[in-house]
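Presented below is the structure to which this report refers.
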Amino acid sequence: MDNSSTHSDCMADQDPADRFAIFGNPLSQSLSPLMHNAAFAQMGIAARYGACQTDNAAEAVRQFRRMGLRGASITLPFKESIIPFLDEMDESAETIGAVNTIVNRDGRLMGYNTDGIGLTDDLREWLEIRGKTFVILGAGGAARAAVYALLQAGGTPVVVNRTLQKAEALAGRFGCRRVPVAEIGELRADCLINTTPVGMFPEVDRTPLPRQVAACFPYVMDMIYNPIRTRLLREAEAAGCAVRSGVGMFVRQGAEQFRLWTGMEPPIERMMNVVMERLLKNGGD
Ligand code: ATR
């Protein structure tokens with residue numbers, strides 16, 4: 001498989017299996033091929049999932065159609081720019097304004113977003129969402145998915161972001177509060193969720209918040225899953241907070257993709273195990 005294909009197809013045409021792929025740039029760190037291929041194998045499905053690095057969203061859709069894929073994952077930086085090339089959007093993807101999943105329904109390309117449901121499916125394992133207040137750090141696509149899904153699940157999101165205008169736009173879109181970064185330490189909330197990339201591999205020494213601020217929240221979650229324990233989580237844990245990495249959310253968003261593509265119940269345990277094994281092997285903790 002050619003991981004860095006830009007002008008040719010990234011999966012062999014002669015492959016008889018149902019084909020799926022992830023489109024993004026860069027893709028060298030992506031664990032989606034590992035996770036989905038393990039899920040297909042576990043369920044006895046003759047399918048293959050490849051990695052197609054492309055220059056832009058138009059190229060991604062062109063390759064999708066040419067290869068006759070049944071479905072795809074869409075990752076950074078194409079989650080928004082892919083939208084004009086799709087035939088139809090699911091309501092959640094439309095509201096969030098970002099697509100991370102494509103399903104090929106008889107040649108019509110349908111856009112979905114499973115990031116939000118991935119988050120709330122994972123959070124439910126950890127705490128009751130309904131009635132809780134969540135500080136959402138960041139105001140990009142990941143934050144929009146979080147705000148959407150938390151509202152759906154009966155939670156109360158409060159947006160905090162470096163750029164105030166972006167926080168205002170997100171809060172206005174969903175009718176929730178936003179608070180300036182300087183006031184985050186005065187907030188009373190149950191859970192903090194970091195949606196920014198600050199602290200992600202390879203910049204593992206960075207943190208989006210000073211340790212004394214993170215310590216204000218009983219629960220602290222990071223959407224980052226590489227490393228498994230970010231500096232934010234290490235400091236929050238040392239201060240006595242309950243912490244959760246982004247691994248579970250990553251697996252759950254993938255599980256929801258699997259459900260959309262196959263109509264089958266995803267083998268979540270198997271998906272979780274292969275992802276954790278790889279992250280630990282890479283020295284992810
Ligand atoms: P995604 O789709 O993954 O959410 P994004 O749309 O680029 O990615 O959004 C990233 C978010 O992380 C933004 O809200 C960004 O803040 P700004 O709106 O101020 O740009 C936030 N972010 C990125 N780097 C940051 C940093 N060093 N400190 C604080 N926030 C940061």
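Start at 1 and go down the list; that is how both ligands and their atoms are numbered. Just so we're clear, the structure is a prediction, and the values are computed from it rather than from any experiment.
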Exercise for the section: Kindly assign one of parallel, tilted or perpendicular to the pair Y219 and W126, based on the angle between their ring planes and the thresholds 30° and 60°. Expected result: perpendicular
Exercise for the section: Would you kindly say whether Q152 and T120 are connected by a side-chain donor-acceptor distance under 3.5 Å? Expected result: no
Completion exercise
The closest protein heavy-atom partner of atom 2 (O) of ligand 1 is G141 N, 3.3 Å
Practice task
Look only at interatomic distance and state if T195 has a nitrogen or oxygen under 3.5 Å from any nitrogen or oxygen of ligand 1.
Solution key: no
Practice task
Look at the side-chain heavy atoms of Ile, Leu, Val, Met, Phe, Trp and Tyr, link any pair under 4.5 Å apart, and say whether M223 and V159 land in one connected group.
Solution key: yes
Handout entry: Taking atom 19 (O) of ligand 1 as the reference point, the nearest protein heavy atom with its distance
Key = T163 OG1, 2.4 Å
Problem - Same cluster (ILVMFWY, side-chain, under 4.5 Å), M272 and Y225 - result: yes
Problem - 4.0 Å heavy-atom contact, E80 with ligand 1 - result: no
Exercise for the section: Specify the protein heavy atom at minimum distance from atom 21 (C) of ligand 1: its residue, its atom name, and the distance to 0.1 Å. Expected result: T196 CG2, 3.7 Å
Handout entry: A139 touching ligand 1 at heavy-atom level, < 4.0 angstrom
Key = yes
Handout entry: Hydrophobic cluster identity match, M276 and I268, side-chain contacts under 4.5 Å
Key = yes
Handout entry: R70 and D106 ion-paired at < 4.0 Å
Key = no
Exercise for the section: Measure the spacing between CG of N194 and CG of L232 and express it to the nearest 0.5 Å. Expected result: 6.0 Å
Exercise for the section: Report the nearest protein non-hydrogen atom to atom 4 (O) of ligand 1: residue, atom name, distance rounded to 0.1 Å. Expected result: A142 N, 2.9 Å
Exercise for the section: Give the residue, atom name and distance (to 0.1 Å) of the protein heavy atom nearest atom 15 (C) of ligand 1. Expected result: N161 OD1, 4.0 Å
Exercise for the section: Write out the residue and atom name of the closest protein heavy atom to atom 5 (P) of ligand 1, then the distance separating them to 0.1 Å. Expected result: G140 CA, 3.9 Å
Practice task
Flag atom 7 (O) of ligand 1 as yes if some protein heavy-atom distance to it falls below 4.0 Å, otherwise no.
Solution key: no
Handout entry: Protein residue, atom and distance nearest to atom 23 (C) of ligand 1, heavy-atom basis
Key = P197 CD, 3.6 Å
Fill in the blank from the handout: heavy-atom search around atom 20 (O) of ligand 1 in the protein gives R162 NH2, 3.0 Å
Exercise for the section: Establish, from distance only, whether the side-chain atoms of S92 and N113 form a donor-acceptor pair under 3.5 Å. Expected result: no
Handout entry: Ion pair check, E256 and R252, cut-off under 4.0 Å
Key = no
Practice task
Using a strict cut-off of 4.0 Å, indicate which atoms of ligand 1 neighbour a heavy atom of R206.
Solution key: 27 (N)
Fill in the blank from the handout: For G138, the atoms of ligand 1 under 4.0 Å from one of its heavy atoms are 14 (O)
